[in-house]
Amino acid sequence: MSGQRGSNLSSSHKLSLLVLSMLVVFISSINSLPLDEQRELEPEIYSKYYNYDQLTDLLKSLAQKYANIANLTSIGRSVENRELWVMRITRDPTADGPGKPKFKYVGNMHGDETVSRQVLIYLLEYLLEKYGEEPRVTELVDSTDIYIMPSMNPDGFEKSKEGDCMGKDEGRNNAKNVDLNRSFPDQFEEIHVNAEEMPEVAAVMRWILQNKFVLSGNLHGGTVVASYPFDDSAAHDNEGTYSRSPDDALFRYLARVYAENNPVMKTGQPKCEENINETFKDGITNGAKWYDVAGGMQDFNYLKGGCLEITMELSCCKYPPSTQLKTEWDNNREALLAYMEKIHIGVRGFVRAARNDAPLADAVIMVAGINHKVSTSRFGDYYRLLLPGTYNITVLAPGYIPMSVAGVEVTEGKAAVLNITLEAENDENPATLSIPESPTETSVNSASTDSSSSSTGVNEAADEEKDSRVTVQPQDFRHHHYNDMELFLQKFSSEYSSITRLYSIGKSVQERSLWVMEISNNPGVHEFGEPEFKYIGNMHGNEVVGRELLLNLIDYLCRNYGTDPEITQLINSTRIHIMPSMNPDGYEVSQEGDISGVQGRNNTNNYDLNRNFPDRFNFVTDPRQPETLAVMNWAKSYPFVLSANLHGGSLVVNYPFDDSPDNVSIYSKSSDDDVFRMVALAYSQENSQMYDGHSCKGMDLYQEYFKDGITNGAEWYNVHGGMQDWNYINTNCFEVTIELGCYKYPPAADLPKYWERNRRSLLQFIHQVHRGVKGVVIDSKDGFGIPNATITVDTINHPITSNVAGDYWRLLVPGKYHLTASAQGYSSVSTFVNVPKEGVEIVNFTLNRIHSYTNGQTTEDTTPVLDPSVKEFQSLIKQLSGESGLDKLIKDTPTQSSFRYRRYSEVSEFLRGLTLNFPEITSLQSLGQSVEFRTIWALEISNNPKVQEPSEPKIRFVAGIHGNAPVGTELLLEFAASLCINYGKNAAITRLINETRIVILPSINPDGRELAKEKDCTSTAGKTNVHGKDLDNDFFGNASQRAAEPQPETRAVMDLIQERGFTLSVALDGGSVLVTYPYDKPVQSVENADTLRYLATVYANHHPKMHSGDTGCPNSQMGTIPNGVLRAAEWHSHMGSMKDFSVDFGHCPEITVYTSCCLFPPAEMLPTLWAENRKSLLSMLVEVHKGVRGVVKDKNGKPIVGAIIVLNGGVRVFTSEGGYFHALLAPGLHNIEAVADGYQQQSQKVSVSPFEAASSIIIEFDMENDIFGLPRELVVASAAAAMTALVVTACIIWCVCSAKSNRQKDGFHRLQQHRDDYDDEIRLMSMGSKKSLLSHEFQDESESDQDTLYTNKL
């Protein structure tokens, strides 16, 4: 029975296992079914909102169910890490292909405007469900590439509350409280997109720029209207200013299409509770006329993405109850579909290459009279929305002959098809175009010679003169006084805002703005690889022809852009800057009819501006004028390649050099003489009178003759301090001076003939910027461009440098050259290049980083992959070190302080206020007290102000060492406040504070400050402390040098300096405008002088005036100071200075900044001084992170504290806790030696870049290898041998002694027996010496027995 029972149990167990297995298989089979077979999607009920998770589930389910026409992707993430979902709906949605225009809808940009989110969900459901059922939907999906983003601001939606119609609750903005529709780059206002603060905007911008969308809608809520571009105007009036785009009529039509299909919108009377009487004609409005919005998405789409977008406001209530959703969907369904269908109007087609029929990507399509371009996709297809009419269309592509097609008919309904075939520029048969008769489909070939076709003569033959083109010429020829000129510039800037930007580079003596008009297809932006060009006119106020010609040129370029291929291509490929008047003050006092006079020639201060630039032989000693300084700053702020300075009084192109060392008229050849002759001839050859060479027939007594209309400047006559030489020597820009005629101020009636003579020359000269070679210098490791890389030509002694993005341009005449690209910290690369007769040769360089040099061998950078946070910070330092990095930072962190001078009590209150308001990042410490018991305060700003963090660089800012120069105190207080206020708000400021320990001493002589008087520019009252001691003469480290104890103020600061750990110190003083570096004491040579000078130069270069070297101070005896930087001893030599003490005893470099000529200027000057120094102060926060940093360890990884780091064999720094060290060094290659007791000395070479954060190096010590100057192994071996010999000797001696000891034991016993007798004898003996007595006490066992007995008997 038991056996049978066991068998039954086994069978039962097997049956259970079988059932379980079948169940598993069944469940698995269920799970393997498609999602739509597992769970049917619930039908839409149109009465509930979907939160983020529900929306995500729904979109994923739809994408899976309708995979044949739907594909779900995320274009990025929100601040709170939610996906920005986009559903793509089209046939074959996972592949890109030609022939389907891209359309997009974006909803829920403002998180609390929720109707848009829901109707877009309903729309994509409708399209997916009706595809294949409704012919209208099927055709739309098959022919259109549709992208729908239901929510651009998912974080804001999650915070919003249903029923909130007015947007009172949080949710409109993103999680960083940023309004996403005020954060896109704007044409009238510079807006910096911070990816950390607004990742949603950054993602959508990237999405727009990566896809060539044709039409778009941005859905909002709060009223019911369709709004179209532009959203803002240059004036930024709150409302009422109609800001017209080039496609204004088309935008109005598209807006009406939507409005007419929405039953509420089309009434134009939304009757919203908030503004019950607001009306919109036809239900549409121009954005700026309604209200001004800077940074809106629709304008960005149009201007930067080439996509037409309007903004639809769908409902009065922003977040209505869900019961209203069905009504909102019914109101908008037809409007949404009808608007999408308009993507198929206008003109469409393909642009291909004639040679191989290959598609041409990024070819530009322009319509005459409409200043807006679109471009082809990578498949060569394009889509240009247009209203019915007849159009002239031009197509451009780099390297191909431009093509213009006239009489293109656009009718109602589907787009006309216009296919274009372009011939390459180097092909030989460009000829007249022909247009087939078909009104809806046109194919055009730029090389076609079919004269039998129905030709409309739409393009000129290649052999015809360019002048035969039909262009719009300037019509208004008159002399423009300043106000007239200003209005002219403002007018063109407003009318042609998509290609112009008006800006001022400074002001004249009489406060007139020095206006510059930028003309470019992307104004306000340096486009990578695009050269920059400038024209300057009216430098001499009474030489007016150049001024008027440049205004004519602005008119001509703007009016012909988009219609004339040459002008269009020139603007699309060049960033052109035009300054009509550099001397507006002089112009205003000049007189019409002046032939050769001087009235108005100079500026208001009576200085000739073309004798006012620093010259190479230092002949110019006049003070720099504001106009000169403005142009110098401008020239160094943009990567100009070519320039011309327009003058009058002769007829010739004058090229460098303008002066000679002996000040005599002689040909003064520059290194680029051939290039200058080439560009000069390019101008003169287009001006027949100039090219003739007889400059002023009938007017010139000397009958000057210039062969081919050009001349070397110095050969004509010597000019010291000229602008063209300064440009060539100090920038990458090649400049010539063009004399336009012998009549300086001709009658207005003559101006048309000046324009006609010079029009072609002005254009041809701009074309010269595209000669020679150009390219980019790239870092092989990260792929980024290398700024300030040097490009040299072996036969030309004139290097040029790369721009901040690594792109460069080098003008050269045709020929073969050997080019070398080099950069600090990189291995150089050389190549040969053939420069063509026409156009430019592209030469890119890729450089490898050099990490270090060991034993003379170069080591390529093998730095391990960095922590993302470290890499991000290094990227920030590189960005802030670039051309406009700090400018953007300042623009993003405006200050609103009311500047005034504060006395000691207010300074103390201000500092305490900072610690109370920002306790997490500030700490206030008393260093000591002044003679009159005022506290010497030190404010620390860092993310851990009370924690020692030796791995972070520490920077010290000091002011007020002289109480009569309090500007520095106020600047440092404002600096501290600016840092604190922007912490947590600005990503760059936040990161700098997190990575730096900033210590600010605003006033170290508070007693002297109390005695000083405002507006006293030269008084010494308050300069010293109350003991009459100049504190900057009181810093002595050696007692032997000191006559008395240091002052209490000095002692307080000395103690801080001697704590060490500081990487850099900046002291602010007054009485001039320059920077000095150690030493103040007279020394013959200065260790690390290059680094000290470099740090001072960094500060000066970021100051708008200082770097020019002209202090501008009255009674200055120094003249021009090169770069505004001087060794302190050359300024005011003295002993006991704070900066010398900092270097010698604190091992920290310190520079002294003199902020203003006046010691104690009026308080109203403080905002200006703050503006001048703010960028420089920030530059020091960036600079302190450069140089070389690292850790010193032993082989076991233990940090070595107190190791000495020797820089270039001289300057020493010490490792701190954790073995860390950090030293600032000038850019270049440096020797680093590390020394520590008991360890072997280590050395290597490191490369320092001026643009990159310090790379961290690790120095690992071995044990000391030398002892007493001998190799460790030899010393150890010798010591071991000596010890062995010693031990052997000791053993031998011990053995011998042991043998003797056995024989002498008896003698010792006898000595002991007679000891009492000896004592008696000693006491009684009256004869014998003490020496003989003592001999009894010290008997040696080496004595014989006989000797012992003999002695005992005595």
Side-chain angles (χ1 to χ4, degrees), residues 902 904 907-908 910-911 924-930 934-941 953-976 979 996-1009 1022-1025 1030-1035 1046-1071 1075-1080 1092 1095-1096 1099 1128 1136-1156 1159 1169 1173 1176-1181 1183-1184 1224:
R902 301 171 178 87
Y904 167 76
V907 171
S908 299
F910 184 88
L911 294 171
L924 190 61
Q925 175 189 359
S926 169
L927 302 180
Q929 291 187 319
S930 66
R934 293 182 175 92
T935 301
I936 313 295
W937 293 114
L939 176 74
E940 181 175 344
I941 302 175
K954 192 174 179 182
I955 185 170
R956 183 173 68 240
F957 292 97
V958 185
I961 194 169
H962 295 131
N964 63 336
V967 169
T969 297
E970 301 306 325
L971 295 184
L972 291 187
L973 293 176
E974 183 62 26
F975 187 49
L979 293 174
T996 322
R997 296 181 64 200
I998 305 163
V999 178
I1000 296 176
L1001 282 66
S1003 179
I1004 60 178
N1005 184 6
D1007 298 351
R1009 166 64 185 88
K1023 177 178 181 179
T1024 66
N1025 73 350
D1030 184 338
L1031 299 182
D1032 204 37
N1033 294 337
D1034 195 44
F1035 284 80
Q1047 298 296 305
E1049 300 92 342
T1050 311
R1051 171 51 62 195
V1053 179
M1054 288 171 68
D1055 290 345
L1056 177 70
I1057 292 172
Q1058 288 180 303
E1059 286 180 7
R1060 296 180 180 172
F1062 285 100
T1063 309
L1064 175 62
S1065 179
V1066 181
L1068 304 188
D1069 208 340
V1075 189
T1076 64
Y1077 60 91
Y1079 284 95
D1080 280 299
L1092 298 170
L1095 293 171
Y1099 192 102
S1137 76
M1138 180 169 65
K1139 74 163 72 69
D1140 292 2
F1141 184 87
S1142 178
V1143 171
D1144 288 339
F1145 296 93
H1147 303 285
C1148 168
E1150 179 170 295
I1151 60 173
T1152 302
V1153 178
Y1154 296 87
T1155 58
S1156 64
L1159 290 168
L1169 294 171
N1173 286 276
S1176 296
L1177 290 170
L1178 286 169
S1179 75
M1180 295 292 98
L1181 283 187
E1183 203 63 33
V1184 78
L1224 300 182

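This one's a predicted model, so the numbers in the text were calculated from it and none came from an experiment.
- Residues satisfying the side-chain hydrogen bond (donor to acceptor under 3.5 Å, both in side chains) test with R1009, not counting sequence neighbours, are none.
- Contact of the F1145 side chain with the I1057 side chain is not registered, since no non-hydrogen atoms from C-beta on lie closer than 4.5 Å.
- By the side chain to side chain contact (heavy atoms under 4.5 Å, CB included) test, Q929 is found to be paired with F933, T935, residues two or more places apart in sequence or in another chain being considered.
- Summarising the geometry, atom CG belonging to D1032 is positioned 12.5 Å from atom OG1 belonging to T1024; distances are rounded to the nearest 0.5 Å.
- Residues V1053 and V958 fail the side-chain proximity criterion, which asks for heavy atoms closer than 4.5 Å.
- The two residues A959 and G968 come nearest to each other via the heavy atoms CB-C, 3.4 Å.
- Taking the salt bridge (Lys or Arg N to Asp or Glu O under 4.0 Å) definition, one finds that D1080 meets it with K1139, sequence neighbours left out.
- With rounding to the nearest 0.5 angstrom, the CG atom of L972 is 9.0 Å from the CG atom of L1001.
- For the side chain to side chain contact (heavy atoms under 4.5 Å, CB included) test, residues two or more places apart in sequence or in another chain that qualify with I998 are I941, I955, F957, L979, I993, T996, I1000, L1181.
- With sequence neighbours excluded, the residues forming a salt bridge (Lys or Arg N to Asp or Glu O under 4.0 Å) with R934 are E932, D1007, listed by chain and number.
- Rounding to the nearest 0.5 Å places CD of E940 at 13.0 Å from CZ of R956.
- For the atom pair CG of D1069 and OG1 of T1152, the computed distance is 7.0 Å after rounding to the nearest 0.5 Å.
- Nearest heavy-atom pair across G1070 and A965 is N-CB, 3.8 Å.
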*Evaluate the side chain to side chain contact (heavy atoms under 4.5 Å, CB included) criterion for residues L1056 and F1062: first the C-alpha distance (whole Å), next the side-chain angles of each, then the deciding distance (0.1 Å), finally the verdict.*
CA-CA 10 Å; L1056 177 70; F1062 285 100; 4.0 Å; yes
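- Residue S1003 comes nearest to T969 through the heavy atom pair CB-OG1, 4.1 Å, listed as atom of the first residue, atom of the second, then distance.
- Screening E1049, K1023, M1138 for a side-chain contact (heavy atoms from CB on, under 4.5 Å) involving I961 leaves a single residue, M1138.
- Of all heavy-atom pairs between N1005 and G1022, the closest is ND2-O, 3.7 Å.
- When the side-chain hydrogen bond (donor to acceptor under 3.5 Å, both in side chains) test is applied to Y1154, no partner is found at least two apart in sequence or on another chain.
- Counting heavy atoms from C-beta on, the side chains of F1035 and T1050 come closer than 4.5 Å.
- Side-chain contact between D1055 and L927 is absent, with no heavy-atom pair separated by less than 4.5 Å.
- In the model, Q1047 has no side-chain atom that pairs as donor or acceptor with a side-chain atom of D1034 under 3.5 Å.
- Residues meeting the side-chain hydrogen bond (donor to acceptor under 3.5 Å, both in side chains) test with K954, sequence neighbours left out: none.
- The closest side-chain heavy-atom distance from L911 to P1002 is below 4.5 Å.
- Listed by chain and number, the residues in a salt bridge (Lys or Arg N to Asp or Glu O under 4.0 Å) with E974 amount to none (sequence neighbours excluded).
- Checked against side-chain hydrogen bond (donor to acceptor under 3.5 Å, both in side chains), D1030 has the following partners two or more places apart in sequence or in another chain: H962.
- Across all non-hydrogen atoms, the minimal contact from S1142 to C1148 is OG-O, 2.8 Å.
- Listed by chain and number, the residues in a side chain to side chain contact (heavy atoms under 4.5 Å, CB included) with V967 are Y901, L971, T1155, S1156, P1161, L1166, L1169 (sequence neighbours excluded).
- Checked against salt bridge (Lys or Arg N to Asp or Glu O under 4.0 Å), D1144 has the following partners two or more places apart in sequence or in another chain: K1081.
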*asked:* Evaluate Y1077 against L1095 for side chain to side chain contact (heavy atoms under 4.5 Å, CB included), listing each step before the verdict.
replied: CA-CA 8 Å; Y1077 60 91; L1095 293 171; over 6 Å; no
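- In terms of heavy-atom proximity, Y1099 sits nearest to S1179 at CA-OG, 4.4 Å.
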